[in-house]
Number of protein chains: 2
Amino acid sequence: MLRGDITVAIRNAVMSELAEVGYGRLSIEAVARRAGVGKTAIYRRWSNKLEMVMEIISDVAERKVPLPDTGSFSGDLQLLLMIVSTALQHRIASQIIPDLMAEAARNPQIAETLQRALRTHQQAVGEKLIGQAVARGELPEGTDPEVAVDMILGPLYWRLAVARQPIGEDYLEKFTVAVTAALRATG
Amino acid sequence: MLRGDITVAIRNAVMSELAEVGYGRLSIEAVARRAGVGKTAIYRRWSNKLEMVMEIISDVAERKVPLPDTGSFSGDLQLLLMIVSTALQHRIASQIIPDLMAEAARNPQIAETLQRALRTHQQAVGEKLIGQAVARGELPEGTDPEVAVDMILGPLYWRLAVARQPIGEDYLEKFTVAVTAALRATG
DNA sequence: AAACGGCGGAACGCAACCGTTACGTCGTAG
DNA sequence: CTACGACGTAACGGTTGCGTTCCGCCGTTT
């Protein structure tokens, strides 16, 4: 019975507000204003700010990223880096993600939701990417997927979301070479 | 003329409040309550929340971390990782840093202050650690300090401050080996 | 044609916080 | 001993947001 177009407007408004002021200062009233919607329309859907944000974020976070098999580890890796770096350079994502991560440090419910999404993706990356490479003989048997994922996502996140420095032409290539060498060494 | 003990109490209260509620929801009144101090004492020192937080944070952020020369790259690296990982595991630091980083994405003044501190440290690490290693012949001539710093700090920050997963016994050792291999490969 | 229900708008009482001001206390410098 | 000034307390008017309620509008269902 709830109107779909209004729900969409609210979702978009929440994302924009999250990006602009962060979770801490996000207010229902501001969301309603931005969505061009009455507060009642929001309270008819969710009972408070936390619940609203969590549901909206969960939907986005749980979208599965397809990890194609390019046939070689360096191909898989470069593709993954491309996908992640593109995502992390999107204005809204690069503001919302660090904000919610910080908020998660003090709100167990947010932490749990994000951790679940994060762990899911980490596992997907770790098992598929590394597993394939090991199966192909491109990485040694004992390669630790945990360390591997840290070494792949960490530097990108650091540079794009924390240090906020741009990525040069050859950065991803250099980085691919470096990571490959790193993982070969940890066997 | 301002009483030093009161200034200290306020500084501590600000750090605690930052950790607990984040910059977005930090209020002068809460700081005053927590410090056991009147609001007037705060407004006598700073004219608003941003100025107050910036000055207090700057002091902490600009403390120089001594980077000792252990004689070998892997020694230097392992020591650095130890220092950084210890810092990132401190409760208050691990809550304040991501929070301010997120806030920096939308507040230019915070961004500038943090970037200055960050860049200073990055340069220190890059030039000293990598420079020494290159001079010793442990890393190739053309090693890119930028990539190097990303590969060193990124994964640690990712794991400790973002994914919030504990570091195992042998993690730093494995990681040292991996990073060393990675950097040798990028020459 | 009538009933239903989601909608926006407006207002409610309540709480928190802003930045400022006035006041009385107390330690210290002169 | 006196004057100064930083201090805590309390109150100010104003703003913002909470979550709720009531209203009249309007499209859909029956």
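Lettering of chains follows the sequences in order, A, B, ..., and the numbering in each one begins at 1. What you see is a predicted model, and the numbers here were worked out from it, not measured in a lab.
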Going 5' to 3' through nucleotides 17-30 of chain C and flagging B where a protein heavy-atom sits under 4.0 Å of the base, S where only the sugar-phosphate is that close, and - otherwise, we get SBBBBB--------

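Straight-line distance from the CZ atom of B:R44 to the C1' atom of D:dG8: 9 Å, rounded to whole Å. The CE-P distance, from A:M1 to C:dC7, rounds to 12 Å in whole Å. In this structure, the CD1 atom of A:I6 is 9 Å from the C1' atom of C:dG8, given to the nearest Å. For the pair A:I42 CD1 and D:dT20 C1', the interatomic distance rounds to 14 Å; values are reported in whole Å. In this structure, A:R45 atom CZ and C:dG5 atom C1' are separated by 12 Å, rounded to whole Å. Rounded to an integer number of Å, the gap from A:W46 CH2 to D:dG19 P is 14 Å.
Applying the salt bridge (Lys or Arg N to Asp or Glu O under 4.0 Å) test to A:D59 and every residue at least two apart in sequence or in another chain returns A:R11.
Side-chain atoms of A:S58 and A:E62 form no donor-acceptor pair, as typed in the model, at a separation below 3.5 Å. The closest side-chain donor-acceptor pair between B:D150 and A:Y171 falls under 3.5 angstrom.
Between B:E169 and B:K174 there is no salt bridge, since no side-chain nitrogen of the basic residue lies less than 4.0 Å from a carboxylate oxygen of the acidic one. The pair B:E20-A:R106 does not count as a salt bridge, with every side-chain nitrogen at least 4.0 angstrom from each carboxylate oxygen.
In this model, the phosphate group of D:dG8 is not approached by any side-chain N or O of B:R3 to a distance below 4.0 Å at OP1 or OP2.
Here A:E138 contributes atom CD and A:Q132 contributes atom CD; the two are 9.5 Å apart, rounded to the nearest 0.5 Å.
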